[in-house]
Amino acid sequence: MADTVPPGRYSGKRDIRTDAVNYAIELGAIEKTFAGHQVLKKVSLRVKQGEVCSIIGPSGAGKSTLLRCVNLLEQPDGGNMVVAGQYLAAGRSHPRRELLQLRRNVGMVFQSFNLFPHLTVLENIVLPQRRVLKLSAEEARERGAELLKRVGLAEKADAYPAKISGGQQQRVAIARALALEPKVMLFDEPTSALDPELAQEVLAVMKEVAASGMTMLVVTHEMGFARTIGDHLVVMEDGAIIEQGVPEEVMTNPSEERTRKFLSAVNR
Amino acid sequence: MIALQTNTFEFWAKYFPQLLAGLGVSLQLTALALLFGLPLGLLLALGTEAKLRAVRWLSVAVVEVGRGAPALVVLYVVYFGLPLLSWSPEAFICAVIGLTYTTAAYTSEYLRGGLKAVNPGSVEAAHALAMTSGDVLRFVVIPQGLRVAVPALMGFAIQIFQATSLAYSITVSELTANASGIASSSFRALEIFALAGLMYAAITVPTSWLTNKVEERLTLRQ
């Protein structure tokens, strides 16, 4: 469990896979400490290509920090990882090119949506395509409109984020992330700030994204989503993975007492 | 005395063109001070938040001197100082340089406040979307920060417009200088300065009103 990813399985440049199993994300003994408090204690995790992996656990367990380490919004202090075929070791600052390459492959959706408030819904989706993919304005708008249609918000293209509901904002945020055609999507409690009704419309979009074959790592409190859409369930507590497996099995028959306690608390 | 025989309105009508020319110069000074001062203010705002300590300290020093020294003192330093560096531009240019510096120093504080008010989540999202740091600044941080700072900047524009009257002291023929000249030749200071005051107000009052409107609109959108 606590092993780093063996470098031997990568070719000379260490960013091309040479073994048979296709993992979209491999985390090896990731460590992170904030002000003397160890938030992640050598966490290792593998997510297969096209798999939906849900991470649950009490707040303060380090779920969000782990997710943020995957696209290096947080710099891990120890360990290494392979994300979408790119090898990254902790404990050194990453060159700009490496960071941008990683983030092009990894989309992220935040709890607080984080749309650009000064841009319209469509402009939110157009901007990264223009600047990152270097698409023409016309092409970016066309693709943006298509993505808005996909998340059911074609008619909101010209609205400003403040004028639409939280659920709609989150669907726009998903469309914005998808616009870069990432290989992996990270969701950091995407429905926690939403009323149940609005959460459902976001979950419906996530379900559709999952069905399209996207590899997804989802920190969530939505047990229904983790159970029905998720392929793999990870339970974290106190900076470590305490249990993982097939969602149905973990949920109905947890092997750890702490998992049982957590599940009974959220299902109450 | 012939001048005393005309009533106030005839007197105003006679000298209005001369004051209007002065107002034109005041407005030009304001426009140029803002045109050069605002981009400099933005650079200083970014400089005070720079990672490099030398850049930070230099920016803070430039801002603090500019805010600490009265605009009039800055004008004198430019007007009498530049010839010592063997460059003697005309008074109007000196006024533009001095007012630009004052504008840059003051607006940098408003802009810095605006940049600090930018929603950090949207900045993080931009980074997560693989945008370069330069792009994040240009397309996410600065546009949002500017919007926050706009009402304060418009208020400052009104102040710097009024401060252009200080250019009188370094012989620029702006509105106050022209009014003063007319006052000393006609001995009707109260009337001519009343007209000058009305002309200043004709610019500042609508601008303040516009500032309030803009502030309202920006608040509504948030």
Side-chain angles (χ1 to χ4, degrees), chain A residues 64 67-68 70-74 84 96-120 123-134 159-163 169-170 172-182 184-188 193, chain B residues 38-39 41-42 45-46 49-53 55 107 110-154 210-211 213-222:
Chain A
S64 288
L67 203 67
R68 293 163 60 83
V70 175
N71 66 351
L72 292 179
L73 281 183
E74 269 347 312
R96 193 177 105 124
R97 186 191 57 78
E98 230 172 62
L99 267 183
L100 297 182
Q101 185 194 338
L102 172 71
R103 290 172 180 168
R104 266 200 60 164
N105 288 330
V106 181
M108 186 162 191
V109 174
F110 300 84
Q111 181 178 351
S112 49
F113 328 133
N114 294 353
L115 293 180
F116 306 130
H118 59 297
L119 300 179
T120 65
E123 286 164 351
N124 260 273
I125 306 175
V126 165
L127 177 64
Q129 293 185 75
R130 298 270 289 142
R131 302 306 302 174
V132 180
L133 301 183
K134 311 285 181 200
Y160 281 90
K163 299 283 182 211
Q169 288 186 54
Q170 193 63 297
V172 174
I174 294 171
R176 181 178 66 174
L178 288 174
L180 297 185
E181 297 188 330
V184 170
M185 284 278 282
L186 310 174
F187 294 82
D188 189 5
Chain B
L38 282 171
L42 182 57
L46 295 171
E49 302 288 320
K51 281 194 188 114
L52 272 177
R53 187 182 294 179
V55 175
T107 56
Y110 301 132
L111 289 164
R112 194 165 65 105
L115 295 180
K116 288 220 152 182
V118 170
N119 165 17
S122 68
V123 177
E124 192 160 65
H127 282 294
L129 285 161
M131 286 169 68
T132 63
S133 301
D135 274 359
V136 175
L137 206 58
R138 184 172 152 204
F139 294 103
V140 179
V141 176
I142 290 175
Q144 282 190 66
L146 277 181
R147 273 173 178 74
V148 176
V150 156
L153 291 176
M154 289 180 75
L210 187 68
T211 305
K213 284 280 156 210
V214 168
E215 197 166 5
E216 244 168 61
R217 279 196 64 165
L218 287 173
T219 331
L220 279 179
R221 199 188 263 186
Q222 282 307 310

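Order of the sequence lines fixes the chain letters, A, B, ..., with proteins taken first and strands second; residue numbering starts at 1 for each chain. Here the structure is a predicted model, which means the values were calculated and not measured.
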task: List the atom of B/A128, the atom of A/F110, and the distance in Å for their closest heavy-atom pair.
output: CB-CZ, 4.0 Å
message: Looking at every non-hydrogen atom in both residues, tell me the closest pair between B/G121 and A/N114 and how far apart they are.
response: O-ND2, 3.1 Å
message: Less than 4.5 Å apart, side chain to side chain, heavy atoms only: is that true for A/H118 and B/L146?
response: no
- prompt: Nearest 0.5 Å, what's the OG1-CZ distance between B/T132 and A/R97?
  reply: 15.0 Å
message: Counting neighbours of NZ on B/K213 that are heavy atoms of other residues, nucleotides or ligands and sit closer than 6.0 Å, is the number greater than 12?
response: no
- prompt: Side chains of A/V132 and B/M131: does their closest heavy-atom pair fall under 4.5 Å?
  reply: yes
Engaged part of A/V106 at the chain B interface, taking heavy atoms whose separation is under 4.5 Å: backbone
query: Given a strict heavy-atom distance threshold of 4.5 Å, which part of A/R96 is in contact with chain B: side chain, backbone, both, or neither?
result: side chain
Chain B interface, residue from A/L127, A/N71, A/L180 that has the most non-hydrogen pairs under 4.5 Å: A/L127
task: Could you list all the salt bridge (charged side-chain N to carboxylate O under 4.0 Å, His left out) pairs where at least one residue sits in residues 114-138 of chain B, not counting sequence neighbours?
output: A/R68-B/E124, A/R131-B/D135, B/E49-B/K116
- prompt: What pairs of residues pass the salt bridge (charged side-chain N to carboxylate O under 4.0 Å, His left out) test when at least one of them lies in residues 105-119 of chain A, not counting sequence neighbours?
  reply: none
